[in-house]
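In what follows, a single structure is set out as structure tokens and then discussed.
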Amino acid sequence: MTLARIQDLPRLVGETVTLQGWLYNRTSKGKLVFLQVRDGTGICQCVVFRPNVGDELFAIADKLTLESSLIITGTVRADARAPGVPGGYELDVQTLQVVHRAEEYPIGPKEHGVEFLMDHRHLWIRSSRQWAVLRVRATVMRAIRAWLDAHGFLEVTTPILTPSAAEGTTTLFEVDYFGEKAYLAQTGQLYNEATIFSFGRVYCFGPTFRAEKSKTRRHLTEFWMVEPEIAFCDLDQLLEIEEQFVTHLVHTALRENANELKLLGRDTRKLERVQPPFPRITYDEALERLKDVQARLQRGETVLNCDGEPLQDIPDPALLDITWGMDFGSPHETVLTQLFDRPVFVTGFPTAVKAFYMQPYPDRPEICKSADLLAPEGYGEIIGGSERISDAALLEQRIREQGLPLEAYRWYIDLRRYGSVPHSGFGLGVERTVAWICGIDHVREASPFPRLLNRIYP
RNA sequence: UCCUCGAUAGCUCAAUGGGUAGAGCACCCGGCUGUUAACCGGGGGGUUACAGGUUCGAGUCCUGUUCGAGGAGCCA
């Protein structure tokens with residue numbers, strides 16, 4: 001008899017093993033009880049047959065409550081009828097010990113509303129879909145570090161308590177810092193721009209905070225972001241790094257989380273075609289495409305996506321109104337991403353709508369060397385990146401133009417005085433990336449305990 | 001901040017023009033050797049979000065409040 005985990009059962013057929021886990025579901029049929037047991041690595045059907053275990057143990061198994069904790073011993077056998085994760089294997093139960101008999105469990109196998117599930121998030125994460133999503137999240141986070149570490153990046157942590165904003169002060173959480181105002185970080189980028197001069201290629205990876213009053217499927221007030229920053233790197237070089245990086249994340253999840261993506265019902269063919277190079281379109285080109293789509297929609301034409309299907313989630317073509325100089329809204333991203341079969345870069349946004357530190361094109365200063373990466377299928381922006389201004393005088397001018405407090409950025413301007421170099425970086429949002437890979441419709445399920453507008457419990 | 005929709009059993013929902021508040025799931029009891037959200041029979045379970053109004057009579061109509069969902073703006 002050996003202790004086993006459910007994910008290893010395919011290699012243990014014929015052996016007698018002990019599982020430790022919780023009762024996920026139960027059905028009984030006369031002298032048979034089917035216990036769906038989960039142990040964190042998978043879900044295994046355990047078959048309790050009355051003549052095998054005796055009347056006393058059978059009665060206990062037959063009355064077990066959902067989520068009761070169990071230690072259960074039996075023989076592993078392959079059976080195509082056995083549901084579960086990975087499925088196809090079940091345990092022929094010999095003995096069973098109840099560690100704790102659970103009280104009546106509030107979350108059933110039937111449907112529940114969002115508010116109820118969010119109030120019970122501490123229990124909801126036991127459900128198979130949530131389990132699958134959070135396993136993919138862990139894979140993505142591991143793949144982020146693995147790829148960056150393998151490509152010469154050094155992880156350098158940046159502060160969460162910060163004295164000022166990178167991009168204005170309207171979306172920051174304010175905290176009291178011994179009588180002074182401080183803010184929870186919404187980016188580590190400015191500090192990354194300092195550490196590249198020490199290490200060349202760096203990244204920071206951790207939670208960031210935005211006090212935006214956004215109530216959409218794409219927003220959390222606390223989310224995880226990885227921000228690589230690279231010295232001696234222009235925008236074109238940055239995009240090559242980004243597409244290699246994102247491709248690695250997607251294909252690592254495809255390889256390591258096949259069971260999870262299957263459980264989620266994800267169409268993995270759409271993920272498999274994520275391969276470099278990603279298409280690159282300029283802001284100007286994107287504007288033309290958007291106007292074209294809007295005109296066709298308003299004429300009542302059906303506009304097709306990259307797979308030849310009608311565009312989804314376009315409630316009102318009037319929302320696609322845009323003129324040169326405006327930043328994209330969510331409806332614009334929703335349209336653009338459906339026109340491509342892989343993530344698409346949009347480059348050269350108007351300088352006026354982007355952050356002060358982005359490098360303007362020398363021959364066209366009204367646009368800047370910025371690039372957003374939009375995920376397919378309407379998931380929208382998962383990366384924002386740019387080449388940074390490397391000239392101290394130009395940076396100072398841009399800070400003044402934006403009306404930002406020059407004094408707060410003195411150290412940041414200082415970086416351009418001592419061996420300044422062209423450098424670039426980007427930020428990738430973990431929850432949005434996970435939501436896209438998993439094919440789920442709201443980022444709140446991509447975080448174990450999501451923080452949202454009006455929600456900080458549990 | 002704005003727009004739209006919603007709140008009825010533990011959960012998901014129904015309740016015809018205003019006329020005795022109902023079903024499925026969950027739970028408890030009984031039945032069945034292959035269930036896949038099993039099925040069959042029985043049982044308990046309600047201050048219809050809150051406050052006020054109209055009415056012989058309000059889950060239903062009106063006013064206000066609270067809470068929630070989706071979206072816009074902003075963003076990853």
Side-chain angles (χ1 to χ4, degrees), chain A residues 24-36 43 45-52 58 62-63 65-67 79-84 87-88 90 92 102-120 127-128 166-168 170-171 186-187 189 207-227 313-316 318-321 326-334 353-355 372-375 379-385 426-436 441-444 446-447 452-455:
Chain A
Y24 190 58
N25 207 350
R26 169 176 60 80
T27 65
S28 64
K29 196 171 191 322
K31 299 186 175 102
L32 274 174
V33 174
F34 298 97
L35 303 175
Q36 309 292 331
I43 300 174
Q45 172 160 278
C46 301
V47 184
V48 185
F49 186 41
R50 182 148 68 183
N52 287 357
F58 184 84
D62 196 33
K63 299 300 175 197
T65 51
L66 294 187
E67 290 303 318
D79 190 318
R81 293 171 297 184
E90 63 184 18
D92 190 15
E103 296 174 26
E104 186 178 335
Y105 191 61
I107 300 179
K110 284 256 185 175
E111 296 167 16
H112 297 286
V114 171
E115 186 180 15
F116 176 81
L117 289 170
M118 289 299 289
D119 283 341
H120 294 82
S127 298
S128 59
E167 308 158 29
T170 53
T171 64
Q186 63 173 359
T187 171
Q189 180 204 314
T208 55
F209 307 88
R210 308 238 170 133
E212 293 159 1
K213 299 207 169 176
S214 301
K215 273 179 64 176
T216 81
R217 66 184 67 188
R218 298 175 308 281
H219 288 87
L220 300 172
T221 55
E222 175 182 320
F223 64 97
W224 275 59
M225 185 159 67
V226 58
E227 295 179 274
D313 300 320
I314 316 293
D316 181 5
L319 290 172
L320 294 175
D321 279 343
M326 291 167 60
D327 204 351
F328 291 158
S330 168
H332 307 111
E333 292 183 359
T334 303
V353 300
K354 286 292 181 182
D372 286 353
L373 183 66
L374 310 181
Y379 280 94
E381 185 178 356
I382 55 171
I383 284 183
F426 66 94
L428 174 136
V430 169
E431 288 79 7
R432 285 188 184 177
T433 303
V434 171
W436 163 49
D441 63 8
H442 201 299
V443 289
R444 65 180 161 231
S447 171
L452 301 129
L453 185 66
N454 301 337
R455 164 75 62 183

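Chain A is the first sequence line, chain B the second, and so forth, proteins listed ahead of strands; every chain is numbered from 1. From a predicted model like this one, the values you see are computed outputs, not experimental measurements.
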Using both pair distances under 3.5 Å as the test, note the stems of at least 3 consecutive Watson-Crick or G-U pairs that include RNA chain B.
B:1-7 with B:66-72, B:10-13 with B:22-25, B:27-31 with B:39-43, B:49-53 with B:61-65
Test for a donor-acceptor pair under 3.5 Å between the base of B:A72 and the side chain of A:Lys215, counting only N and O atoms.
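In this structure, the two groups form no donor-acceptor pair.
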Would you say the side chain of A:Ser214 and the base of B:C74 hold a donor-acceptor pair, judged only by whether the two atoms sit under 3.5 Å apart?
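Answer is yes: a donor-acceptor pair is held.
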Write down the distance separating the [atom1] atoms in [N] and [M], rounded off to the nearest Å.
N	M	atom1	answer
B:U60	B:A14	P	16 Å
B:G64	B:G46	C1'	26 Å
B:C25	B:A37	C1'	9 Å
B:G45	B:C62	P	34 Å
B:U54	B:G18	C1'	11 Å
B:G6	B:U63	P	14 Å
B:C2	B:G73	C1'	9 Å
B:G59	B:U8	C1'	6 Å

Would you name the heavy atoms of [X] and [Y] that are closest together and state the gap between them?
X	Y	value
A:Ala435	A:Ala446	N-CB, 4.3 Å
A:Leu32	A:Val47	CD2-CG1, 3.6 Å
A:Leu452	A:Thr221	N-OG1, 3.8 Å
A:Thr65	A:Ala102	OG1-O, 2.7 Å
A:Val430	A:Met225	CG2-N, 4.4 Å

In whole angstrom, what separates [X]'s [atom1] from [N]'s [atom2]?
X	N	atom1	atom2	value
A:Tyr105	B:C27	OH	C1'	16 Å
A:Asp92	B:U33	CG	P	17 Å
A:Glu333	B:G73	CD	C1'	13 Å
A:Leu373	B:A76	CG	P	13 Å
A:Lys213	B:U1	NZ	P	5 Å
A:Asp321	B:A72	CG	P	14 Å
A:His219	B:G73	NE2	P	10 Å
A:Met118	B:G70	CE	C1'	15 Å

Could you measure the distance from the [atom1] atom of [X] to the [atom2] atom of [Y]? Nearest 0.5 Å is fine.
X	Y	atom1	atom2	result
A:Glu90	A:Gln36	CD	CD	9.5 Å
A:Arg210	A:Leu453	CZ	CG	15.5 Å
A:Thr208	A:Gln189	OG1	CD	12.5 Å

Quick one: label [X] by what it contacts on the DNA or RNA (base, sugar-phosphate, nothing), any heavy atom closer than 4.0 Å.
X	result
A:Glu222	nothing
A:Gly380	nothing
A:Pro331	sugar-phosphate
A:Asp79	base
A:Leu32	base
A:Ile383	sugar-phosphate
A:His442	sugar-phosphate
A:Gly384	sugar-phosphate
A:Gln45	base

Can a side chain N or O of [X] be found less than 4.0 Å away from OP1 or OP2 on [N]?
X	N	value
A:Arg217	B:C75	no
A:Arg444	B:G70	yes
A:Thr216	B:G70	no

Are A:Asp441 and A:Arg218 within salt-bridge range, i.e. N to O under 4.0 Å?
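Looking at A:Arg218 together with A:Asp441, the answer is no, because their closest N to O distance does not fall below 4.0 Å.
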Is a salt bridge present between A:Lys31 and A:Asp62, judged by a nitrogen-to-oxygen distance below 4.0 Å?
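Not counted as a salt bridge, because no side-chain N and carboxylate O are separated by less than 4.0 Å.
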Taking the nucleotide of RNA chain B with the nearest heavy atom to each, does A:Thr221 or A:Pro51 sit closer to the 5' end?
A:Pro51
Considering only side-chain heavy atoms of [X], which listed nucleotide, [options], is closest?
X	options	value
A:Arg210	B:A76, B:G68, B:A72	B:A76
A:Phe49	B:U33, B:U35, B:A76	B:U33
A:Arg81	B:C75, B:C27, B:G34	B:G34

Does the side-chain ring of A:Phe223 sit on the six-membered ring of the B:A76 base, less than 5.5 Å centre to centre and under 30° in tilt?
yes
Partners meeting side chain to side chain contact (heavy atoms under 4.5 Å, CB included) with A:His112 (sequence neighbours left out):
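A:Ile107, A:Phe116, A:Leu117.
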Mind checking side chain to side chain contact (heavy atoms under 4.5 Å, CB included) for A:Asp321 and listing every partner two or more places apart, or none if nothing turns up?
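Partners of A:Asp321 under the side chain to side chain contact (heavy atoms under 4.5 Å, CB included) test: A:Gln294.
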Would you say that A:Glu431 contacts A:His442 through its side chain, given a criterion of any heavy-atom pair below 4.5 Å between the two side chains?
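Sidechains of A:His442 and A:Glu431: no contact.
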Counterpart residues, side-chain hydrogen bond (donor to acceptor under 3.5 Å, both in side chains), relative to A:Arg217 (two or more places apart)
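side-chain hydrogen bond (donor to acceptor under 3.5 Å, both in side chains) check on A:Arg217 returns nothing, list empty.
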May I ask you to decide if A:Ser128's main-chain N or O and A:Tyr24's side chain share a donor-acceptor pair within less than 3.5 Å?
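Checking the backbone N and O of A:Ser128 against the side chain of A:Tyr24, a donor-acceptor pair under 3.5 Å is found.
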Please list, for nucleotides 30-32 of chain B, all pairs of protein and nucleotide N/O atoms separated by less than 3.5 Å.
unit_1	atom_1	unit_2	atom_2	d
B:C32	N3	A:Gly30	N	3.1

For nucleotides 5-15 of chain B, which of its nitrogen or oxygen atoms have a protein nitrogen or oxygen under 3.5 Å away, and what is each distance?
unit_1	atom_1	unit_2	atom_2	d
B:C11	O2'	A:Glu111	O	3.1
B:C11	O2'	A:His112	ND1	2.4
B:U12	OP1	A:Gly113	N	2.8
B:U12	O4'	A:Glu111	O	3.4

